[in-house]
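All of these numbers come straight from a predicted model, not from anything done at the bench.
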Amino acid sequence: GNSQDNGSKGNNQEKLKKVTLVLDWTPNTNHTGLYVAKENGYFEEEGLDVEIIMPGEAGADQLVAAGKADFGIGYQEALTEARVQGVPLVSLAAIIQHNTSGFASPVDKKITSPKDYEGKTYGGWGAPVEKAVLSSLMKQESGDVEKVDFVNMGDTDFFTAVKRDIDFAWIYYGWTGIEAELRGEKLNMQYVTDYSKKLDYYTPVLTTSENLIKEDPKTVRSFVAAVSKGYQYAIEHPEKAADILIKEVPDLDSELVKASQKWLSPKYQDDASKWGVQDQKVWEDYANWMYENGLLESKLEAKRAFTNEFLPN
Amino acid sequence: MNIWHKGWRPVLVLILLFVVWEVSCRLFEIPRWLLPSPSQIVLEGAEGWSNYYHHLTATIGLTILGFLIGASVGIAVAVGLHLLPRLREAVYPIIILSQNVPIIVLAPLLVIWFGFGILPKIIVITLVCFFPITVATLDGFKQTSSELSHYMKMAGASKGQIFWKLEWPYALPSIFSGLKISATYSVMGAVISEWLGAKEGIGVYMTLASSSFRTDRVFVAIFLIMILSLVFFTLIVSLERMIVKWKPKGDGKGRD
Amino acid sequence: MNIWHKGWRPVLVLILLFVVWEVSCRLFEIPRWLLPSPSQIVLEGAEGWSNYYHHLTATIGLTILGFLIGASVGIAVAVGLHLLPRLREAVYPIIILSQNVPIIVLAPLLVIWFGFGILPKIIVITLVCFFPITVATLDGFKQTSSELSHYMKMAGASKGQIFWKLEWPYALPSIFSGLKISATYSVMGAVISEWLGAKEGIGVYMTLASSSFRTDRVFVAIFLIMILSLVFFTLIVSLERMIVKWKPKGDGKGRD
Amino acid sequence: MTKLLIENISKSFGENQVLDQLSLRVKEAEFVSILGPSGSGKSTLFQLIGGLYSPDSGAISLDGKRINGKTGSISYTPQSPSLLPWRTVLGNILLGGEIVGETDHALALQMIDKAGLKGYENAYPYELSGGMKQRVAFIRSLLSPQSLICLDEPFSALDEFTRLEMQNWLLSVWEEDKRAIMLVTHNIEEALYLSDRIIVLSEKPTHVKKEFVVPFPRPRQASILLSEEFLNWKKKIYNELRVIM
Amino acid sequence: MTKLLIENISKSFGENQVLDQLSLRVKEAEFVSILGPSGSGKSTLFQLIGGLYSPDSGAISLDGKRINGKTGSISYTPQSPSLLPWRTVLGNILLGGEIVGETDHALALQMIDKAGLKGYENAYPYELSGGMKQRVAFIRSLLSPQSLICLDEPFSALDEFTRLEMQNWLLSVWEEDKRAIMLVTHNIEEALYLSDRIIVLSEKPTHVKKEFVVPFPRPRQASILLSEEFLNWKKKIYNELRVIM
Ligand SMILES: Nc1ncnc2c1ncn2[C@@H]1O[C@H](COP(=O)(O)OP(=O)(O)OP(=O)(O)O)[C@@H](O)[C@H]1O
Ligand SMILES: Nc1ncnc2c1ncn2[C@@H]1O[C@H](COP(=O)(O)OP(=O)(O)OP(=O)(O)O)[C@@H](O)[C@H]1O
Ligand SMILES: [Mg+2]
Ligand SMILES: [Mg+2]
């Protein structure tokens, strides 16, 4: 605690403002900046006492929108659908600048391009968006998505699924892909962004509710500032950042965290001007793509779905 | 007739509940995505019928099949353990353990062993359904009147005869107790089993609705699940009334 | 003494099971991340003790509290519904419905209403535990011998006296039947409730292990859950033996 | 003076009409025995007086108050002992008193002793012989405080000597506290030896067929059992019963 | 010639020694009655013969074969009727035969009629009076085919006339198929009227105290019940029992 050097914000222990942050699921390297901000006292410097919560089945989006939690971690895909359904969520920052997800398969399945998906079995969770994404990818190589066999694999994890029936699945390289590297399993991977710019959406993002922005912009600003500092640190010191995450969440596998952090740290900011900035075009493109593919009931008002306003200069 | 005659009470309570829900939704302006009002749910349920009816039939089929298998396994296990006391001692703890393997752990193993077909789903439903039946049935067998079993033994009844002519009918109320508990769980069991990868079913419909923030559809799914379980429970109760009808009437009257 | 004396049988079976598991793991070279062998699990369990023992105590506390509340609610509901038959008719369907609200729907609502504290977790465990107890207890009350209840009525016993002096003791075996089922579920109930946003607990440990692909730790968690439920179940059985001891011995002997 | 008045009661179970316009009267401190064929409705009569069922028609009054369907007015020994299996002998005996809130531990132990059950105070019902269970049920009703005692074949499972002991004991208890007693029995000697009046019931549908006032003086000695007059009375009643069946 | 041979059997329940070196013999086609105080172990004796328990020591043999702890050798009427509550009267009556695989529907209906239960074939046990239940249990054992019949106070809940009818019926059945019968009763007249031999048991710990061979010729007429000789015999046995208690 180095609260003394920031007197203007009145950061006495008692005066810290209590704030909750709900993760999307279990902690992982997507969240490193948050834990760094907590551990290094950035939140305290901003006069905040942040509690990080794993939501489990409750899911972050509804809790944040309902004001039961102040901030949350979400995804552009979900946030787009949520806003169309009238859920008052706003994205404050893109945690990772580009979409790092893609379709992975063990090398022995010999899938090297979307064309090869034909005649193979895809394991997913049964959402219409999956078929649309696959279709977009395969069209580039004039493949036919109807020739892919879709299976809902529920809670089954990637490694288990591909041992049985499933040929390829949609994963985040930064976690599952790294795990495969650690295991020495060779994967073939087709990144979504390599085939369609429209699908280069932000995932994950930092979210809050419209209400909080309206009622307490000061807290939002302080919070985003601290988080931004945390990710900045993670970008600059991947190893130390990984250690902080391991220390905060000791039940995680440290090897995986370290490897994943090393891979992910450069990707937080990537080619953006600073960490967290979002481009309206990205939001519009993706929403339009969803609308065109019949995945949205109405168009998204992209301007209101995100804001760069709270990012520090 | 009897059921219709008595049916108005729960229906009344349910209607009351709905009214309270509807009114508080409107009063506190609860947003639709958080908790839709009953009228919105019913509307979506009526409009979306063609969207989900194939999900519904899939789940009904799965539930019936799973419950029948689960109930049979449950009764068979109880009978086996009852007739072979040594086996019971050895196996009872394992049966308890079987209820404590979380689905998220079981799922990958089942998938690895049995693929994404119907078999792993039936296994999940069976696991959910058999346990209450086994425990209740075993306890039912244990309660058999010693006076009657003394008579049967002295009359030279074999173990099998004592079982079929005495213990089984004596345990019937307990067996039905277990069946009622399991019937209630069976629909949820089927929905959970659909998370092991299914192409259709209420479980699939619900997760999709949930992931696209269609809370009204999620509630439609819940209503369907609830109605299904109520129907199943009522079926078991009717069956019980048909089969266990020798009780003194003065005693059982108005008691269920 | 009795329990130790009989205990060798299930222990033997368990050991056998473990041996088969260990051998097949080695024989078929099943990768560790898919299904770790018992020896690996035990090793991780021993080494990781300091990592998870606070999770363990958290879950134990939650389970005990939740089970106690759930069991009390279950019994109280059964007693209430038994003594007020009209209430029973009206409320029974709702009780069944309560078992069919999927946790993924209930979870956000509970958190929104009650926050991330202990209350929503207790509600989840209670929902899981009370139902088997209520159903079994109600069925137990229904089975009361009509001969004895006739005597009690003619002797001028009030409704309350008939309840406490006759129906309650008569239903005890059924109540314990329900308690056994619930005790088995209570640990899983607690684990599930921890998915409603807990800081520690076996459920948290398990999901973390699972998401970082540490299958061995997942199995450590399962073993802990299993051992806990076995302990709980055994406690209930011992309690039953202590309380229900008037049964003819020639009959009950070697029967549990 | 009238303790119990039963006026024209009828009772059917479904199609089966059991009691048909049955009327009878029991006086304060009177000892009345009821004889009748098996299945004629004696136990049903007691269950009606005890309020377990209501008569289909007619009235039952105790001390001038109508008690149709009202429970708790009688001390009752049922035909089958109906002991609570989880209570010991002592616990079962105290039950009747417990229900009205009066238990006398010492008296109960003394009565157990008198009934020849010493040493069985803490035995459970399943450890008792048929006759022992019957005695427990009998003591239980003696210890219940109601002013009318209804005994439904209380000594049927006892050997002649235990039976005589119990009968004498019943007489002494009765002579002491002068409660009214109704006794169902199939044993004519027992009825003659104990009661002031014997009521003979008809076959179903049942009504009162005949009444005998027993002329033997009180207190009665066991020796009258062998007297000529006793034998004559026995034959008389025997013949009356024969006509019924 | 010997049907049942019991040699020096002892039986204790915990600390409570019930039978002590009891020996007795029943001949082929013999009718033996057993008298003894309540709680002396008569029912226990039957349960030992029936194989429900094994004697602590001693031997029980039927037709020369040792049957210690072996069930199924006797047709048995228990002291309490023990009817299955979910079976009708007819279903309960057929049970004894069902167990050994022989059921005679027509005969059962005929016997129901003879026992005065016509119209109750399809009634459930809870709809019956005490005496009716007892008759059902009695018929059930008559219809069981074993060659030794053990009756534990089968007529205790019946009025004198129904009882006499049942007794005569029992005699006629016995005279027809000449199975050996053991009858526990508390009624000395019943024992004298029915049996060839009367065995009197002592108080606990129980052994055979005395045996009487009943001299009345067969077939017996109800009229002997009133004869001088019968009365004398009754007194003799009565006095013997008095000594015990
Ligand atoms: N609960 C019942 N339901 C239907 N019928 C019944 C019920 N209780 C008694 N009965 C019928 O009522 C009649 C009289 O029965 P009750 O028990 O009063 O006879 P009882 O005179 O006491 O005979 P016993 O001397 O054999 O005990 C019988 O025909 C019996 O079948
Ligand atoms: N299951 C048992 N457990 C313990 N003690 C028992 C058991 N059965 C019988 N006894 C005891 O054995 C003794 C004899 O009982 P039994 O039933 O054989 O008597 P009985 O001669 O048939 O008497 P009654 O004429 O009263 O029926 C009694 O003291 C009784 O307490
Ligand atoms: Mg009667
Ligand atoms: Mg006996």
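- Using bins of under 30°, 30° to 60° and over 60° for the plane-to-plane angle, the ring pair B:Y92/C:F233 lands in the tilted bin.
- For the pair C:V13 and B:A90, the tightest heavy-atom approach, listed with the atom from each and the gap, is CG2-CB, 3.5 Å.
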For this session: Tell me, with the steps shown, if C:M226 and B:I96 meet side chain to side chain contact (heavy atoms under 4.5 Å, CB included).
Result: CA-CA 8 Å; C:M226 286 178 161; B:I96 296 160; over 6 Å; no

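- Contact record, C:I181 with B:F131: CA-CE2, 3.9 Å, taken as the closest heavy-atom pair.
- Heavy atoms of B:L35 lying under 4.5 Å from chain C belong exclusively to its side chain.
- Only the side chain of C:I94 comes within less than 4.5 Å of a heavy atom in chain B; its backbone stays farther off.
- Interface remark: of the candidates C:V187, C:V135, C:V91, C:L17, C:V135 forms the most heavy-atom pairs closer than 4.5 Å to chain B.
- With rounding to the nearest 0.5 Å, the separation of CG in B:N100 from CG in C:L228 is 9.0 Å.
- Atom CD1 of residue C:I225 and atom CD of residue B:Q99 lie 13.0 Å apart, to the nearest 0.5 angstrom.
- Rounded to the nearest 0.5 angstrom, C:K180 NZ and B:L138 CG are separated by 8.0 Å.
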For this session: Kindly determine whether C:L14 and B:L97 satisfy side chain to side chain contact (heavy atoms under 4.5 Å, CB included), including the steps that lead there.
Result: CA-CA 11 Å; C:L14 280 180; B:L97 297 184; 4.0 Å; yes

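- Contact record, B:S177 with C:A136: OG-CA, 3.6 Å, taken as the closest heavy-atom pair.
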